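Chain naming here is simple, since letters A, B, ... match the order of the sequence lines and numbering starts at 1 in each. Note that the structure is predicted; figures quoted are calculated from it, not measured.
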Amino acid sequence: MKNQTILIIDDNHSERYLLKRQLKDAGVVAVVLEKNSGNSALEFLENIAEGKKEYADGFPPGLIFLDINMPGIDGFEFLEKFSKLREEVQYLSSVIMMFSTSEQTEDHTKAMTYDFVKDYIVKGSLQSEQLRKKVDEVFSL
Amino acid sequence: MKITSKLLIIVVLTVIEVSCTIWAALEISKGADFHRLNVLHLKFNAQFSNQVAELKAGKAILPQDLLITVTKIRQQPVDCLNKVNVVDKFIMTQIDTVHALIICEKDIVDADLAINAINAFDNGMLDRDTFLEGLSLASQNFSDNSANFEQPIDDTVSFIVRSMIPFILTISLLNIFLITYLSRNISRSINMAIDILSQKIPKEDMDKKIEKNITGELYTLLEVARDHLKSSLIEREVNQQLESLVESRTSSLQKVNEELAQFSYRASHDLKAPLTTAKGLAHYIVKDIETGDLQEAKANAMEVESQMERLEELVVGILSLAKADLQDDAEDVIDFESIISEVQTRLSSQFPESKCKFIKEVTVETPVLAQRARILQIVENLLTNAYKYSDQCKEHPFVKIKVFEDVGDFNIVVEDNGLGFPESNRNDIFKMFKRFHPNVSYGSGLGMSIIKKHVDYMKGIITVDSSREGTSLTLEFPRGKTT
């Protein structure tokens, strides 16, 4: 079985803490990585050598939780850059779930235009079981 | 000369011409009437002669009949004299034909004599021979009178014709000439006016030309037209100005609405975030207390506290931003030293571990008038940012504030050697809720917006110079009403 790795990209450490804990409570078995900005996440994802060395099959992360509102590059800018990276390097297994406080439909629609964005979750709205189900769906494919 | 005067002249001349023509025609017909009366006179005289001849031949003629005939004869000169008026008499006197009228009078006298004779004979006061002689004489007189009457009447009529026709012709020609001249004159004036108005010359030149070349009613017409045009142009201009004012106000309002919409979105989002986080943390605090993991619970509780502080700061920041638009306090002489000291005290308790060296240089000589609250907020936000984003890794971190004056304005400059603004986000610096350093995530992201609002209100300019070495923010304010 592949080493399931999840990457959380959010500038707020409490948000990352809460999601990480919620995943743990939901019984998700995975290595959970955190990055506090779009840029540092991209750097990490681009560095294939390092990543493979450290995480083997767990690199690249199969599931990425991405916040929208961050200083530096925001969620959408990350999506744009990531889609290019994904094609270049064939990160076909990497999938994104948006994780944001924003409930604006425009944000939802805009995110879903990328085919690798599988879901849009509003922070604080999900119960643990629902989260578990979504994560399982991603990793069962 | 005015056009109306010119037209009046033509009317007067035409009236004269027509009057003369009519008068001449009347006089000529009068002449014809005289001839007719004379013919009647001759006719009745012929009747009378016959009656006299018959009488002489011994026929019985009633005196009544004689009287009737003589009365008829008498009536002709009477009618003639009735037709003659003062003007006729005057003319006839001048051309020496007035004896026609004397002939008429004489004829009347002769007729009266005859009538008397007839009456006398009828009353037996006259003998037959004398009577007949008288009658013959009368008839002869009548005949002579008729004969003598013709010539002067002819002369008079022909005089009138001879003199009136040329006169009327002259006046008609004069009239035609004048009408032609005046109508050409009028159309020339109109064409000249059209010509002048069609020229593409500056307004003053055109006005001079109009003054010089156009007179009378045309000039009045142009003046009235110009005034009318002016007032409708002014009206149009005013309308256009109003329209563009409305347009600019509408676009300002639209901008404000957009700003508000954006602001509401960002504010509600940024207000919601710490609440959601705190809620999530509280959930795990409860769980951890239940499972006895008090360390974790404590750490999370402290985090909740910090989230609430963040929320509080955000709310205060939003209120400051709103107030910044509304502030309308009186202006005071600004004591920069005291403001900076106040802020410095607050900063030292907010950043107790900061290694930044604080440098202050205030060199304003002439008093500056401004709203103290705004200057305070500007200085506070500038210095707070400098401290917040200072680079503690650098060897000698510092924050420097300079207040100095220039010609016509005063400057506030804050320099630091902190983290700087990233190059790529230079345009976003003054946008609301923008933060650029993820590790320095506390703060509302509103500081620069607040500063910008105050600077805009005071009609100042901000210049930013920033890199990884540090940041320098320069604010220039024009002096308003200073002493």
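- In the displayed structure, A/Lys110 atom NZ is contacted under 6.0 Å by at most 12 heavy atoms of other residues, nucleotides or ligands.
- The nearest pair of heavy atoms linking A/Lys123 to B/Thr276 is O-CG2, 3.7 Å.
- Proximity to chain B involves both the backbone and the side chain of A/Gln22, based on heavy atoms less than 4.5 angstrom apart.
- Residue A/Asn39 does not touch chain B at all, counting heavy-atom pairs closer than 4.5 Å.
- Residue B/Glu312 places its CD atom among 12 or fewer non-hydrogen atoms of other residues, nucleotides or ligands, all under 6.0 Å distant.
- Heavy atoms from other residues, nucleotides or ligands lying under 6.0 Å from CZ of B/Arg346 number more than 12.
- For B/Lys323, the NZ atom is loosely surrounded, since the number of other residues' heavy atoms within 6.0 Å does not exceed 12.
- Open room surrounds CE on B/Met302; 12 or fewer heavy atoms of other groups in view lie less than 6.0 Å from it.
- Looking at every heavy atom in both residues, B/Ala273 comes nearest to A/Glu15 through O-OE2, 3.9 Å.
- Residues B/Thr277 and A/Asn12 approach most closely at OG1-ND2, 4.4 Å, considering heavy atoms.
- Among residues 280-288 of chain B, the residues having any heavy atom closer than 4.5 Å to a heavy atom of chain A are, in sequence order, B/Gly280, B/Leu281, B/Tyr284, B/Lys287, B/Asp288.
- Between B/Asn300 and A/Arg21 there is a side-chain heavy-atom pair separated by less than 4.5 Å.
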